[in-house]
Amino acid sequence: QSAPLTRIEKLIVNNKTLSTSTGNRIFPYNENNISIQFVGISPASYKDITYRYRLNDYDTWQFTKNRSVNFPSLPPGDYRFTLAAKGKSDLWSKANEVRFSIEKPFWQTIIFQLAVWLLVSAIIGTIISYIIRKKQAKRQQEQKLVTSELKSLKAQINPHILFNTLNTIQGEILYENKEKAQTYLT
């Protein structure tokens, strides 16, 4: 007795039957409900065939007597469905495989994420720049106000001091204290 022959008959994606004869198939992210139908051919073992399969090399083998497996909602990635069968002889057949890939949605791609990151950075930079400009403008306005108030205060103080000084000198001259008046003038 020999091992059964295996054949992967159908690849069904979102309820659409596709040929398994082509190479690696690529599906969009939303075509991720995959069913695979297969058959093991062994006249000696007719209905007593056990199948083992795995979706990737690092997966553990799964065993079934069914002739189909379903993989609902597969995440994006590269897959290699590998199938082998054994009948009454307990010899495993040569592995048969079909490869397919499910693309990432555009919002999970590096280019999109980089673009979003750059856009968010630009927005944050613009907001920070706007806040800094507003603070600088406010600081300049406050500086102008302080300068204006200082000029106004100087303009008020100078005539007042001058008036007081002249009054003091005049008073010294009126009281005939010419030496003191002379000291104020020098």
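Residues S42 and I49 meet the side-chain proximity criterion, which asks for heavy atoms closer than 4.5 Å. With contacts defined as side-chain heavy-atom distances shorter than 4.5 Å, the pair K65/T50 qualifies. Contact of the S89 side chain with the S2 side chain is not registered, since no non-hydrogen atoms from C-beta on lie closer than 4.5 Å. Considering only heavy atoms from C-beta on, R54 stays 4.5 Å or farther from R80 through its side chain. Using a 4.5 Å cut-off on side-chain heavy atoms (C-beta onward), L11 and R25 make contact. With a 4.5 Å cut-off on side-chain heavy atoms, L74 and L55 count as touching. You'll find the side chain of I8 reaches within 4.5 Å of the side chain of I36, heavy atoms only.
Taking hydrophobic clusters as Ile, Leu, Val, Met, Phe, Trp and Tyr residues chained together by side-chain heavy-atom distances below 4.5 Å, W92 does not share a cluster with L5. I34 and V39 fall into different hydrophobic clusters, where Ile, Leu, Val, Met, Phe, Trp and Tyr side chains are chained together by heavy-atom contacts under 4.5 Å. In the hydrophobic clustering of this structure, I110 does not group with L119; members are Ile, Leu, Val, Met, Phe, Trp, Tyr whose side-chain heavy atoms approach within less than 4.5 Å, directly or through other members.
With hydrogens and angles ignored, the 3.5 Å screen pairs a side-chain donor or acceptor of N14 with a backbone N or O of N33. With hydrogens and angles disregarded, no donor-acceptor distance shorter than 3.5 Å links the side chain of N96 to the backbone of F38. With S129 contributing its side chain and G125 its backbone, the two residues share no donor-acceptor pair below 3.5 Å. The backbone N or O of K144 sits nowhere less than 3.5 Å from a side-chain atom of S148 that would complete a donor-acceptor pair.
Residue-environment remark: OH (Y130) stays at or below the threshold of 12 foreign heavy atoms within 6.0 Å. Residue Q143 qualifies as open at atom CD: its count of foreign heavy atoms under 6.0 Å is 12 or below.
With sequence neighbours left out, the ring-ring contact (aromatic ring centres under 6.0 Å, His included) criterion links W107 to Y29.
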Audit row: F27, E103, side chain to side chain contact (heavy atoms under 4.5 Å, CB included) steps and yes/no: CA-CA 6 Å; F27 304 112; E103 294 178 324; over 6 Å; no
Candidate pair S35 and N70, rule side chain to side chain donor-acceptor pair (under 3.5 Å), full reasoning: CA-CA 4 Å; S35 294; N70 297 313; 2.5 Å; yes
Check against side chain to side chain contact (heavy atoms under 4.5 Å, CB included), I102 and E31: CA-CA 8 Å; I102 299 174; E31 291 184 14; over 6 Å; no
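Put simply, CG on L18 and NZ on K10 are 11.5 Å apart, with the number rounded to the nearest 0.5 Å. Taking CZ of R67 as the reference point, atom OG1 of T6 lies at 12.0 Å (rounded to 0.5 Å). Taking CZ from R99 and CG from N56, the interatomic distance works out to 10.0 Å, rounded to the nearest 0.5 Å.
Checking S101 against D78 by side-chain atom types alone, a donor-acceptor pair falls below 3.5 Å. Residues K86 and S93 bring no donor and acceptor atom of their side chains to less than 3.5 Å of each other.
Ring pair F106/F112 is perpendicular by interplanar angle, where above 60° counts as perpendicular and below 30° as parallel.
Each of Y53, F100, Y51 was checked for a ring-ring contact (aromatic ring centres under 6.0 Å, His included) with F81, and the lone residue meeting it is Y53.
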